[in-house]
Amino acid sequence: MGDAMGRILGGLAVALCAAAPLIAQAQMTYRCLGSDGKKYYGSAIPMQCAGKPVEVLNSGGMVVKRIDPAAEEKARLEKQAKEGKRPEYQSTQERDEDRRNRALLATYTSAKDIEDARGRALRDNAAQAGRFEQRIKDLQTRRTRYEKELETYKKDGKASNTVEDNIKNVDLEIAAQQELLRAKQAEIPSINAKYDEDKKRYAVATTAKKSP
């Protein structure tokens with residue numbers, strides 16, 4: 001994962017830590033508007049929400065928190081500047097590394113927390129993939145019904161244009177759902193890579209924190 005994406009996700013992690021006291025007792029859903037103009041939902045922050053304002057919904061669908069990583073990071077830096085806290089870094093990379101490490105430590109209390117977050121993200125992915133799979137099965141059942149209708153029309157010598165059009169439309173929708181399913185399944189390596197990286201960084205960050 002690149003440094004830029006790490007900084008974005010790190011900012012989201014810090015912001016979510018602040019939201020925790022309000023929502024600890026409820027099942028949360030995260031929602032954002034992606035770069036493609038579509039809304040994305042998830043029990044963990046969807047990858048499409050990285051760097052975007054995120055709304056946190058409770059189990060009743062009510063917005064209990066709004067997260068704007070860019071705005072909150074800007075406010076933090078302004079506050080730090082006013083307080084005269086200007087840590088010196090050897091390079092921009094070192095500064096970014098420190099920021100990401102602090103965000104990671106604020107988000108997770110143990111390596112188990114990271115694995116739990118991975119599990120939630122993978123379950124959310126699997127649930128969405130399952131919906132696509134079910135939709136494909138329903139469409140295939142509908143197609144079979146249309147094929148039987150087509151056979152009946154042909155036996156009776158009747159025009160079957162409408163049924164043939166229905167079959168074509170179903171085939172197009174099946175293809176679209178299959179493409180969505182493949183895209184969702186393709187996200188799994190990225191999800192695992194993200195949490196593998198978090199585990200590595202967490203191990204380094206906790207070791208550095210313990211050092212005098």
Side-chain angles (χ1 to χ4, degrees), residues 1-2 4-6 8-9 12 16 23 26-70 114-198:
M1 181 181 299
M5 183 62 74
I8 290 170
L9 293 176
L12 281 169
L16 285 175
I23 59 179
Q27 177 61 46
M28 293 298 104
T29 298
Y30 303 104
R31 177 178 68 191
C32 78
L33 187 67
S35 300
D36 55 6
K38 297 179 182 179
K39 287 186 177 180
Y40 291 91
Y41 297 79
S43 56
I45 296 178
M47 298 181 68
Q48 295 87 346
C49 295
K52 306 291 182 183
V54 176
E55 292 179 322
V56 184
L57 312 178
N58 63 18
S59 57
M62 300 291 292
V63 177
V64 296
K65 182 73 176 180
R66 287 183 172 84
I67 304 166
D68 188 342
I114 299 175
E115 286 302 327
D116 289 344
R118 184 204 301 267
R120 288 192 297 272
L122 290 173
R123 285 193 297 274
D124 185 66
N125 177 281
Q128 293 181 54
R131 287 193 286 272
F132 293 137
E133 290 173 337
Q134 184 58 52
R135 178 61 177 163
I136 291 169
K137 290 179 181 178
D138 292 342
L139 288 167
Q140 289 171 335
T141 298
R142 187 190 304 177
R143 191 185 195 286
T144 299
R145 187 171 68 250
Y146 287 146
E147 287 176 340
K148 290 180 179 178
E149 289 181 17
L150 183 61
E151 289 177 5
T152 300
Y153 273 98
K154 288 181 177 180
K155 287 179 181 179
D156 295 339
K158 297 180 180 179
S160 57
N161 292 344
T162 300
V163 179
E164 290 175 349
D165 287 343
N166 287 338
I167 291 176
K168 291 178 182 178
N169 290 335
V170 168
D171 285 342
L172 289 173
E173 192 169 353
I174 288 175
Q177 292 296 318
Q178 288 174 333
E179 182 61 31
L180 289 171
L181 176 59
R182 283 192 291 271
K184 186 56 58 178
Q185 292 171 334
E187 290 178 2
I188 294 175
S190 296
I191 292 172
N192 282 317
K194 185 258 191 234
Y195 289 103
D196 285 344
E197 176 68 12
D198 279 356

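Remember, predicted model here, so these are calculated numbers, not experimental data.
Here the shortest heavy-atom pairing between L181 and A129 reads CD1-O, 3.5 Å. In this structure, C32 and P53 approach most closely via the heavy-atom pair CB-O, 3.4 Å. Pairing each heavy atom of D124 with each of Y41, the nearest pair is OD2-O, 4.0 Å. Residues P189 and A186 share a closest heavy-atom pair of CD-O, 3.2 Å.
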Decide yes or no on side chain to side chain contact (heavy atoms under 4.5 Å, CB included) for R31 and V54, but give the supporting numbers first. CA-CA 6 Å; R31 177 178 68 191; V54 176; over 6 Å; no

Trace of the side chain to side chain contact (heavy atoms under 4.5 Å, CB included) decision for L33 with K38: CA-CA 6 Å; L33 187 67; K38 297 179 182 179; 5.9 Å; no

Give the C-alpha distance, both sets of side-chain angles, the deciding distance and a yes or no for side chain to side chain contact (heavy atoms under 4.5 Å, CB included) between R123 and Q128. CA-CA 9 Å; R123 285 193 297 274; Q128 293 181 54; over 6 Å; no

Determine, step by step, whether N125 and I188 satisfy the side chain to side chain contact (heavy atoms under 4.5 Å, CB included) criterion, reporting the C-alpha distance in whole Å, the side-chain angles of both residues, the deciding distance to 0.1 Å, and the verdict. CA-CA 8 Å; N125 177 281; I188 294 175; 3.6 Å; yes

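Taken from CG in D196 to CD1 in I114, the straight-line distance is 10.0 Å, to the nearest 0.5 Å. For the atom pair CZ (R143) and CG (D171), the distance works out to 4.0 Å, reported to the nearest 0.5 Å. Between atom OH of residue Y195 and atom CD of residue E115 there is a gap of 10.0 Å, rounded to the nearest 0.5 Å. In this structure, CD1 in I136 is found 12.0 Å from OG1 in T141, a value given to the nearest 0.5 Å. The CZ atom of R120 lies 11.0 Å from the CG atom of L122; values are rounded to the nearest 0.5 Å. To the nearest 0.5 Å, atoms CZ (F132) and NZ (K137) are separated by 15.0 Å.
Counting non-hydrogen atoms of neighbouring residues, nucleotides and ligands closer than 6.0 angstrom, the OH atom of Y153 reaches no more than 12 such neighbours.
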Which pairs would a plain distance check flag for residues 162-169, meaning a side-chain donor or acceptor within less than 3.5 Å of a matching protein atom at least two apart in sequence or in another chain?
{"residue": "E164", "atom": "OE2", "partner": "S160", "partner atom": "OG", "Å": "3.3"}
{"residue": "N166", "atom": "ND2", "partner": "T162", "partner atom": "O", "Å": "3.4"}
{"residue": "N169", "atom": "ND2", "partner": "D165", "partner atom": "O", "Å": "3.3"}

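Scored by the salt bridge (charged side-chain N to carboxylate O under 4.0 Å, His left out) test, R135 finds E173 as partners (sequence neighbours excluded). For D138, there are no salt bridge (charged side-chain N to carboxylate O under 4.0 Å, His left out) partners, not counting sequence neighbours.
For the pair Q177/L180, a side-chain contact is recorded, criterion being any heavy-atom separation below 4.5 Å from C-beta on. Residues R142 and L139 have side chains in contact (heavy-atom distance under 4.5 Å, counting atoms from C-beta outward). Side-chain contact between Q185 and E133 is present, with at least one heavy-atom pair separated by less than 4.5 Å.
A salt bridge does not link K148 with E151: none of the charged nitrogens is closer than 4.0 Å to a carboxylate oxygen. Ion pair R118/D198 not flagged as a salt bridge, since none of the NZ, NE, NH1 or NH2 atoms sits closer than 4.0 Å to an Asp/Glu carboxylate oxygen. Taking a cutoff of 4.0 Å between a charged side-chain nitrogen and a carboxylate oxygen, E179 and R182 qualify as a salt bridge. The residues K184 and E187 are annotated as salt-bridged, a charged nitrogen and a carboxylate oxygen being separated by less than 4.0 angstrom.
Side-chain N or O atoms of N58 include one that pairs as donor or acceptor with a backbone N or O of G60 at under 3.5 Å.
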